[in-house]
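Positions are given from 1 along the sequence.
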Amino acid sequence: MNAASSKPGSKADRDALRQDMTAAGCSTADIAVEMRIRFRMRPREAWRHARGWTLQETADRVTECSERHSRESVAADASLVGKWEKWPGPSSRRPSLSVLFAMADAFACRVEELLDLEDRRALPEAELRLLVQPAPTAEAPAHQPSASPIVTASFPPKTELVRLAAGESATWAQWAEASNVGDIALEQLMAETRALASDYLTSDPLVLFLRTRALRDRVFALLEGHQYPRQSADLYVVAGYLCGLLAWMSSDLGQLREADTQGRTAWLCAELSGHNNLRAWVLSTRSKVAFWDRRLRDAINFARQGASYRTTGTVAVLLACQEADGWSALGAEDEALSALARADEVCTQTSGEDGVGGIFSCPPARQENYAAAVQLRLGHPADALQSAGRALTLLARQPVRAYGTEAQIHISQAAAHLAGGEAEGALEALAPVLALPPDHRLEPVTRRLGELGARIGSARTSGVATVGLRQAIEEFCVNSAPRHLALSPGEASA
């Protein structure tokens, strides 16, 4: 790559500038100033590049220089040097005076040359008073070239170090007392999360995905700042639910690998927050992803693990339903029916409301939808038809009707009719599903509909209704949200 294509401030640019200025007889201080101006660097970074050192080389020299003084030793590493250089910007760390003196010693410059106006404004007043013109020492550092005179920093006397230590503690207390998020802001973030979880039941998934991703990024940015521990825990709860939502949405869009990644991040947030309801909902989400990824044993284990937590709301009901789903797909009838019975039992014992709701809730209609699907897999179409009928009745009473759940209920109805040799009844049951707009044709719906179409050939039916049913299903699955996403070059999910 030639110099013209290099980015300003690249290593090649810095090396060329340093070599040109050295050849022209410029001092290291001159080179540092030019680095700052040309590449918009902070002073400490400019001095490092003026010397041509890496972060680790600088860390080694800073540590070595501090150890030559008995007053205070600095244990530096590459990461710390990088954070000291960025201060007072984001993701940085304020260098103490001991660090600044050790840096000045390493670079063979005055402490004042490592600070600009922004640094001085951010430094505690007590430390600013200690920044005086250091006296030169007779002995230069061994690593320093002898071409230019050397001025090194001297450490403050012991009495001033005691005063400095007290000032540093006071400064830390001011930092610890500050927070980048307030209780009202936390309430607003949770309210926005609830709205997303509710809107997802009725809105286009990709639009909701983008909104959820944007809110997650806001929460992640806050977590990178500073807040009280209880506020951090609350932020992790919000982040966990948002990553759980992104996992659920990703799987509904047919992106199971990405859904699994979101699920793992959601679980980390749940663990960091210590929030049992979040833990259970994340495990429910991971069970759902594993089920559609055909990792049935994982789906069952996630559901069982989630049920082991003491929770409020309806998450325990959904976990029992998901366990039944997994067992029925494995053909384990006794275990599946036992899990369905447990769902009924847990439902009667449910206390408290769901903290988020929407997709993170299991109302009776959703429970009956799971029951219908389980009974179909176990070969009980009559029971499945009854459960589907109850589910539609219950769904009609809900203030918000989830189109995904409603579609799956109709698919169960159609499958039960088809199992009884009633192709016309199946086609009638599927009419609301086939009318869904493409953006609402989620992966679980298209997957179940595709499985239904595959069974038509082996069903005890024939004639125009059967042919029409098969054609309608094929057209539906081709024009679906997951297929549109797979064919689109759009942005990668995150």
Working to the nearest 0.5 Å, report the span between [atom1] of [X] and [atom2] of [Y].
X	Y	atom1	atom2	result
W292	R294	CH2	CZ	8.5 Å
Q367	T405	CD	OG1	12.5 Å
F39	D13	CZ	CG	5.0 Å
K83	K86	NZ	NZ	9.0 Å
T212	L242	OG1	CG	6.5 Å
Y236	L223	OH	CG	5.0 Å

Check the pair N301 / Q305 against side chain to side chain donor-acceptor pair (under 3.5 Å), numbers first and verdict last. CA-CA 6 Å; N301 289 335; Q305 185 183 352; over 6 Å; no
Report yes if some heavy atom in the side chain of [X] is under 4.5 Å from a heavy atom in the side chain of [Y]; otherwise report no.
X	Y	value
S308	R304	no
H49	E45	yes
E368	I409	no
N180	H226	no
Y241	C269	no
Q408	V445	yes
F360	N277	no
M190	L186	no

Given 3.5 Å as the limit, does a donor-acceptor pair link the side chain of [X] with the main chain of [Y], or not?
X	Y	result
T311	A307	no
S361	G358	yes
R441	L436	yes
Q227	L222	yes
S387	A384	no
R44	W87	yes
S338	D334	no
S284	L319	no
S198	R194	no
T314	C362	yes

Give the intermediate values and the outcome of side chain to side chain contact (heavy atoms under 4.5 Å, CB included) for residues L376 and R448. CA-CA 12 Å; L376 274 173; R448 288 196 62 189; 4.0 Å; yes
For the residue pair H440 and Y403, categorise the inter-ring angle as parallel (less than 30°), tilted (30 to 60°) or perpendicular (more than 60°).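 Parallel.
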Could you check whether R61 makes a cation-pi contact with W53, meaning its NZ or CZ is under 6.0 Å from the centre of the six-membered ring and within 45° of the ring axis?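 Cation-pi check for R61 and W53: passes.
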Residues R279, N276; criterion side chain to side chain donor-acceptor pair (under 3.5 Å); working and verdict: CA-CA 5 Å; R279 284 183 173 120; N276 281 345; 2.8 Å; yes
Tell me whether [X] at atom [atom1] has more than 12 heavy atoms from other residues, nucleotides or ligands lying less than 6.0 Å away.
X	atom1	value
R93	CZ	no
E451	CD	yes
R40	CZ	no

Side chain to side chain contact (heavy atoms under 4.5 Å, CB included) with V219: which of L235, T193, V181?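 Per the side chain to side chain contact (heavy atoms under 4.5 Å, CB included) rule, the option paired with V219 is L235, out of L235, T193, V181.
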Indicate yes or no: does R42 engage D119 in a salt bridge with an N to O separation below 4.0 Å.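 Salt bridge flag = yes for D119 with R42.
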When you look at D183 and R230, which way does the side chain to side chain contact (heavy atoms under 4.5 Å, CB included) test go after all the steps? CA-CA 10 Å; D183 291 342; R230 64 174 177 81; 3.1 Å; yes
From CA spacing to verdict: salt bridge (charged side-chain N to carboxylate O under 4.0 Å, His left out), R377, D325: CA-CA 9 Å; R377 294 191 194 93; D325 225 17; 2.6 Å; yes
Positive for side-chain hydrogen bond (donor to acceptor under 3.5 Å, both in side chains) with H380, one of E333, Q375, Q386: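 It is E333; the other options fail the test.
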Minimal non-hydrogen separation, [X] against [Y], with atom names:
X	Y	value
A373	S412	N-OG, 4.0 Å
N479	P438	ND2-CG, 3.4 Å
E323	A303	N-CB, 3.9 Å
A247	T285	CB-CG2, 3.7 Å
A316	V346	CB-CG1, 3.4 Å
D354	V315	OD1-N, 4.1 Å

Evaluate the side chain to side chain donor-acceptor pair (under 3.5 Å) criterion for residues S91 and E224: first the C-alpha distance (whole Å), next the side-chain angles of each, then the deciding distance (0.1 Å), finally the verdict. CA-CA 7 Å; S91 302; E224 290 178 359; 4.6 Å; no
Go through the steps for L392 and Q413 under the test side chain to side chain contact (heavy atoms under 4.5 Å, CB included), then give the verdict. CA-CA 10 Å; L392 287 175; Q413 270 191 327; 3.5 Å; yes
Apply side chain to side chain contact (heavy atoms under 4.5 Å, CB included) to I473 and L430, showing your working. CA-CA 9 Å; I473 289 174; L430 283 181; 4.2 Å; yes
With side chain to side chain donor-acceptor pair (under 3.5 Å) as the criterion, how do Q188 and E192 come out once you've worked through the C-alpha distance, each side chain's angles and the decisive distance to 0.1 Å? CA-CA 6 Å; Q188 179 62 31; E192 292 180 48; 3.2 Å; yes
